[in-house]
Student: 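I have a structure I would like to understand better, so I am pasting it below and will then ask my questions one at a time.
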Amino acid sequence: MADKKMVEEITSMDVDFAQWYTDVVKKAELVDYTSVKGCMVIKPAGYAIWELLQRQLDERFKKAGVENVYLPMFIPESLLQKEKDHVEGFAPEVAWVTHGGMQPLQERLCVRPTSETLFCDFYKNDIHSYRDLPRVYNQWCSVVRWEKETRPFLRSREFLWQEGHTAHATAQEAEERTIQMLNIYADFCREVLAIPVIKGRKTDKEKFAGAVATYTIEALMHDGKALQSGTSHNFGDGFAKAFGIQFADKDNGQKYVHQTSWGVSTRLIGGIIMVHGDNEGLVLPPRVAPVQVCIIPIQQKKEGVLDKAYALRGILEKNFRVKVDDSDKSPGWKFAEAEMRGACLRLEVGPKDIEAGKCVLCRRDTREKVEVAFEELESRVGELLDTIQREMLQRAEAHMASHTYTASTMEEFENLFREKSGFVKAMWCGCQECEDKIKEKLAVTSRCMPFEQENVADTCVCCGKPAKKMVYWGRSY
RNA sequence: CGAUGCGUGGCUCAGCUUGGUAGAGCGCUGCGUUCGGGACGCAGAGGUCGCAGGUUCGAAUCCUGUCGCAUCGACCA
């Protein structure tokens, strides 16, 4: 890997990680700010990533029996207020519509911050019999939360996401669906985004407003901070009781449904940037890279060069996403541009190459260059993209492993968070006072109680009472 | 919601202290030469200085208010 910094406009991540992130987002032309605080334009380069991600996740949903629907973006205030914990959780950050044209509305409408209440209102009329169950619906939409502090992709006031909402006849089936969807998210992050995650359950303090149990996947960013990357909630029958969603079971008894909801958002794009990016800009896993091969002609005005570039595109575009940069910028400029935008492979082709019947391929992730004969190009590109995808995951896994620590005493725990950044595994007694104390003292929160439990000590790291769970702790986005 | 910073061509900023013809670099347009890690020459276009009041013969500059954005904290995908 070259030490020389090729792109001067991007702040080095070791100097200021937050600024690096903002620079990459801007320079890779993923988003633009707008005149509404916290609302962003997702530009073609950014939206293309979302489309690829969305398509592949949606395929996995469909295989799991999920059907897509679309519900309105407005929620009448009375509807939002039916479930007590839920309102309290969301009230501080909802946006309200108070007028239609010039006329004040009889009842104000909230712009959905999430759609549990709408799905419940719909399900109560839609579900009558056990034969109507389960309902496994999902919608791709945007939601609005009036955040005070905003950052592109990580926390915006409006963001794109999917929200799945299911209704089941039994508690067990709901729990199974909750875990099934969490597993789909985790596999998707690993296999498509090359991001390893920790699967686990949130503590009561951190769980979703109105849920019986919230499960989460937690990823570790390059700076050692955690990013909650997806959640899956089991609601039990709490919403069903608040909204009166009943069905006639086989025994002809009226029963309440058991519900779940689960979601991931454009925040995942922020995760991709902060897990894989480097000082030259974006590094995208091939499976979500809008441009997998960027062909850069050298001396493109020379006879035959551009023709060759287009011919190579013709061969490659059957199986890969390919772009020819035939703008009249200099090659060096194009190299830097392709790197900033995260094109997985750069293909250089010039008069010398054409004469020799080969071209140059350069990997974005390692900068490794290889010369490839034209006849081998197609297979070599496929191999290289597979290799990049695999090695990006391996590097991310190694990073997470080397930034995951264990503490059995408060002293160790404090020292780790003072000196290092990453996950710390430590035991917990199960009481919220200890979580609060840790948060106040170190600005660290419980990320999750992982499914894969280990006994790293017998007593709570904070209070010393007998431990109930091993918890991943960290500073989070 | 608290703290801090910033609003001047598309972008980054200078000019403001001490009021007097609106500036630079980059980008953009045209032509030409270049091209294996952000090339260069020449010619051009482009701004009621965030907004509203006030002071003044005269305000980007001083005063008051207001709006917006960014960053960091407290709360959250």
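Excluded from the calculations below are hydrogen atoms, water molecules and symmetry mates; all remaining heavy atoms, backbone and side chain alike, are included. Just so it is clear: chains get the letters A, B, ... in the order the sequence lines come, proteins before strands, and each one is counted from 1.
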Student: Can you check whether A:F159 stacks with the B:A77 base, using ring centres under 5.5 Å and planes within 30°?
Tutor: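 The ring of A:F159 is stacked on B:A77.
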Student: Considering just the side-chain nitrogens and oxygens of A:K369, establish if one lies under 4.0 Å of OP1 or OP2 belonging to B:G37.
Tutor: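 So the side-chain polar atoms of A:K369 never come under 4.0 Å of the phosphate oxygens OP1 or OP2 of B:G37.
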Student: May I ask you to establish whether A:K199 and A:F451 are in a cation-pi arrangement, using a distance under 6.0 Å from NZ or CZ to the six-membered ring centre and at most 45° from the ring axis?
Tutor: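 No - A:K199 does not lie over the ring of A:F451 by the 6.0 Å and 45° rule.
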Student: Roughly how far apart, to the nearest Å, are B:U18 and B:C72 at atom P?
Tutor: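 That atom pair is separated by 35 Å.
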Student: Could you measure between the two C1' atoms, the one in B:U21 and the one in B:G58, and give it in whole Å?
Tutor: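 These two C1' atoms come out 13 Å apart once rounded.
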Student: Can you tell me which nucleotide in B:G36, B:G37, B:A77 comes closest to the side chain of A:D353?
Tutor: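 Of the candidates, B:G36 comes closest.
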Student: Could you tell me which residues satisfy salt bridge (charged side-chain N to carboxylate O under 4.0 Å, His left out) with A:K441, sequence neighbours excluded, listed by chain and number?
Tutor: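 If we apply the salt bridge (charged side-chain N to carboxylate O under 4.0 Å, His left out) test to A:K441, skipping adjacent residues, the hits are A:E414.
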Student: Among the nucleotides B:C76, B:G36, B:G37, which one has an atom lying closest to any side-chain atom of A:E93?
Tutor: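 Closest nucleotide to the A:E93 side chain: B:C76.
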Student: Rounding to the closest angstrom, what is the interatomic distance between B:G27 and B:C42 at atom P?
Tutor: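 Per the computed distance, 14 Å lies between those P atoms.
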Student: Answer yes or no for A:R346 and A:F335: cation-pi contact, defined as NZ/CZ to six-membered ring centre under 6.0 Å and angle to ring axis within 45°.
Tutor: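 Flagged: A:R346 positioned over aromatic ring of A:F335.
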Student: Is there a side-chain polar atom (N or O) of A:K27 under 4.0 Å from OP1 or OP2 of B:U12?
Tutor: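 Checking A:K27 against B:U12: no side-chain N or O falls below 4.0 Å of OP1 or OP2.
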Student: Using atom C1' of each nucleotide, how far apart are B:C13 and B:G7 to the nearest Å?
Tutor: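 The same atom, C1', in both gives a distance of 12 Å.
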Student: Just call it for A:K439: base, sugar-phosphate, or nothing, with non-hydrogen atoms closer than 4.0 Å on any strand.
Tutor: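 Here A:K439 touches the backbone only, sparing every base.
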Student: Calculate the interatomic distance between A:E337 atom CD and B:C35 atom C1'; express it in whole Å.
Tutor: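 It is 17 Å, rounded to the nearest whole Å.
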Student: Below 4.0 angstrom from OP1 or OP2 of B:A77, is there any side-chain N or O of A:S265?
Tutor: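 Indeed not, no polar side-chain atom of A:S265 lies that close.
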Student: Got a donor-acceptor pair under 3.5 Å from the side chain of A:Q299 to the base of B:G36?
Tutor: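 Check fails, no donor-acceptor contact within cut-off.
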Student: Atom CD of A:E29 and atom C1' of B:C11: how far apart are they, to the nearest Å?
Tutor: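 In whole Å, B:C11 C1' lies 12 Å from A:E29 CD.
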Student: Counting heavy atoms from C-beta on, name the nucleotide in B:A70, B:A39, B:A74 closest to the side chain of A:T150.
Tutor: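 Between B:A70, B:A39, B:A74, the one nearest the side chain of A:T150 would be B:A70.
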Student: Can you see whether A:E175 engages A:Y215 through a side-chain donor-acceptor pair at a distance of less than 3.5 angstrom?
Tutor: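 There is such a pair (donor and acceptor under 3.5 Å, judged by atom type) between the side chains of A:E175 and A:Y215.
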Student: On RNA chain B, check which nucleotide each of A:E147 and A:G350 is closest to and give me the residue with the more 5' one.
Tutor: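 This one resolves to A:G350.
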Student: When the C1' atoms of B:G9 and B:C26 are considered, how many whole Å apart are they?
Tutor: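 Result for the C1' pair: 12 Å, nearest Å.
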Student: Would you mind classifying the nucleic acid contact of A:L154 as base, sugar-phosphate or nothing, using non-hydrogen atoms under 4.0 angstrom?
Tutor: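 Base, at least one base atom sits under 4.0 Å.
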Student: Looking at every strand, decide which applies to A:E149 at a 4.0 Å heavy-atom threshold: base, sugar-phosphate, or nothing.
Tutor: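 Here A:E149 touches the bases of the nucleic acid.
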Student: Using whole Å, what does the distance between atom C1' of nucleotide B:G38 and atom CH2 of A:W333 come to?
Tutor: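 The distance from CH2 of A:W333 to C1' of B:G38 comes to 8 Å, rounded to the nearest Å.
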Student: Quick one: which of B:A70, B:A39, B:G36 gets closest to the side chain of A:Y33?
Tutor: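 For A:Y33, the side-chain atoms sit closest to B:A70.
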Student: Taking CD from A:E440 and P from B:G73, how many angstroms apart are they, rounded to a whole number?
Tutor: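 Nearest whole value for this atom pair: 16 Å.
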Student: Dot-bracket for RNA chain B, 5' to 3', with Watson-Crick and G-U pairs under 3.5 Å, [ ] for crossing pairs and | for other-strand pairs: what is it?
Tutor: ((((((((.[[[[.)....(..]]]].((((((.....)))))).....[[[[[..)....]]]]])))))))....
Student: For the pair A:H222 and A:H399, name the ring-plane relationship: parallel under 30°, tilted 30 to 60°, perpendicular over 60°.
Tutor: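 Parallel.
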Student: Between A:T178 and A:S232, is any side-chain donor less than 3.5 angstrom from a side-chain acceptor?
Tutor: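 A:T178 vs A:S232: no donor-acceptor pair found between side chains.
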Student: Ring centroid separation for A:H86 and A:F239, is it under 6.0 angstrom?
Tutor: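 A:H86 vs A:F239: aromatic centres under 6.0 Å.
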Student: Taking atom C1' of B:A77 as reference, at what distance in whole Å does atom CZ of A:R157 sit?
Tutor: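 Distance check: A:R157 CZ to B:A77 C1' gives 16 Å.
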Student: Taking B:G10 as the reference, what is the distance to B:A52 when you measure between their C1' atoms (whole Å, please)?
Tutor: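 The answer is 27 Å between these two C1' atoms.
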Student: Regarding A:S156, tell me which of base, sugar-phosphate or nothing describes its non-hydrogen contacts under 4.0 Å with the strands shown.
Tutor: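 Counting heavy atoms under 4.0 Å across all strands, the contact made by A:S156 includes a base.
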Student: Take atom CD1 of A:I217 and atom P of B:A77, then tell me their distance rounded to the nearest Å.
Tutor: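 From A:I217 CD1 to B:A77 P: 14 Å.
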Student: Does the side chain of A:T214 come under 3.5 Å of the side chain of A:H233 through a donor N or O and an acceptor N or O?
Tutor: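 Looking only at side-chain atoms, A:H233 and A:T214 do form a donor-acceptor pair, the distance falling under 3.5 Å.
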Student: For A:K302, answer base if it contacts any base atom (sugar-phosphate contacts may also be present), sugar-phosphate if it contacts only those atoms, and nothing otherwise; contact means non-hydrogen atoms under 4.0 Å.
Tutor: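 Counting heavy atoms under 4.0 Å across all strands, no contact is made by A:K302.
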Student: Would you mind classifying the nucleic acid contact of A:K301 as base, sugar-phosphate or nothing, using non-hydrogen atoms under 4.0 angstrom?
Tutor: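 Answer is base: heavy atoms of A:K301 come under 4.0 Å of a base.
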Student: Students often get this wrong, so: under 4.0 angstrom with heavy atoms, is A:V143 touching a base, only sugar-phosphate, or nothing?
Tutor: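 Nothing, no heavy atom under 4.0 Å.
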Student: Within this structure, what is the CZ-to-P distance between A:R447 and B:C76, rounded to whole angstrom?
Tutor: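 Rounded to the whole Å, the gap is 11 Å.
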Student: Could you work out the separation of B:A59 and B:G19 based on their P atoms and round it to a whole Å?
Tutor: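 Pairwise P distance, B:A59 against B:G19, rounds to 13 Å.
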Student: Which sits closer to the 5' end of RNA chain B, A:K207 or A:A18, going by the nucleotide each is nearest to?
Tutor: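 That would be A:A18.
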Student: Which one, B:C76, B:C35, B:C1, comes nearest to the side chain of A:K148?
Tutor: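 Nearest to the side-chain atoms of A:K148, counting from C-beta on, is B:C1.
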Student: For the pair made of NZ in A:K334 and P in B:G36, what is the distance, rounded to whole Å?
Tutor: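 That distance rounds to 11 Å.
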Student: Please determine, for the side chain of A:R155, which listed nucleotide (B:G36, B:C72, B:C76) has the closest atom?
Tutor: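 Nearest nucleotide to the side chain: B:C76.
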Student: With rounding to the closest Å, how many angstrom separate the P atoms on B:G38 and B:A74?
Tutor: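 Pairwise P distance, B:G38 against B:A74, rounds to 44 Å.
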Student: Should the ring pair A:F208 and A:F235 be called parallel, tilted or perpendicular, given that the plane angle runs from 0 to 90° and is split at 30 and 60?
Tutor: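 Rings of A:F208 and A:F235: tilted, as their planes differ by 30° to 60°.
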Student: Look at the side chain of A:R346 against the base of B:G36 and say whether a donor-acceptor pair falls under 3.5 Å; ignore hydrogens and angles.
Tutor: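 Checked by distance alone, the answer is no.
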Student: A:Q19 and side chain to side chain donor-acceptor pair (under 3.5 Å): which single residue from A:T22, A:D23, A:D16 fits?
Tutor: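 Of the listed residues A:T22, A:D23, A:D16, the side chain to side chain donor-acceptor pair (under 3.5 Å) partner of A:Q19 is A:D23.
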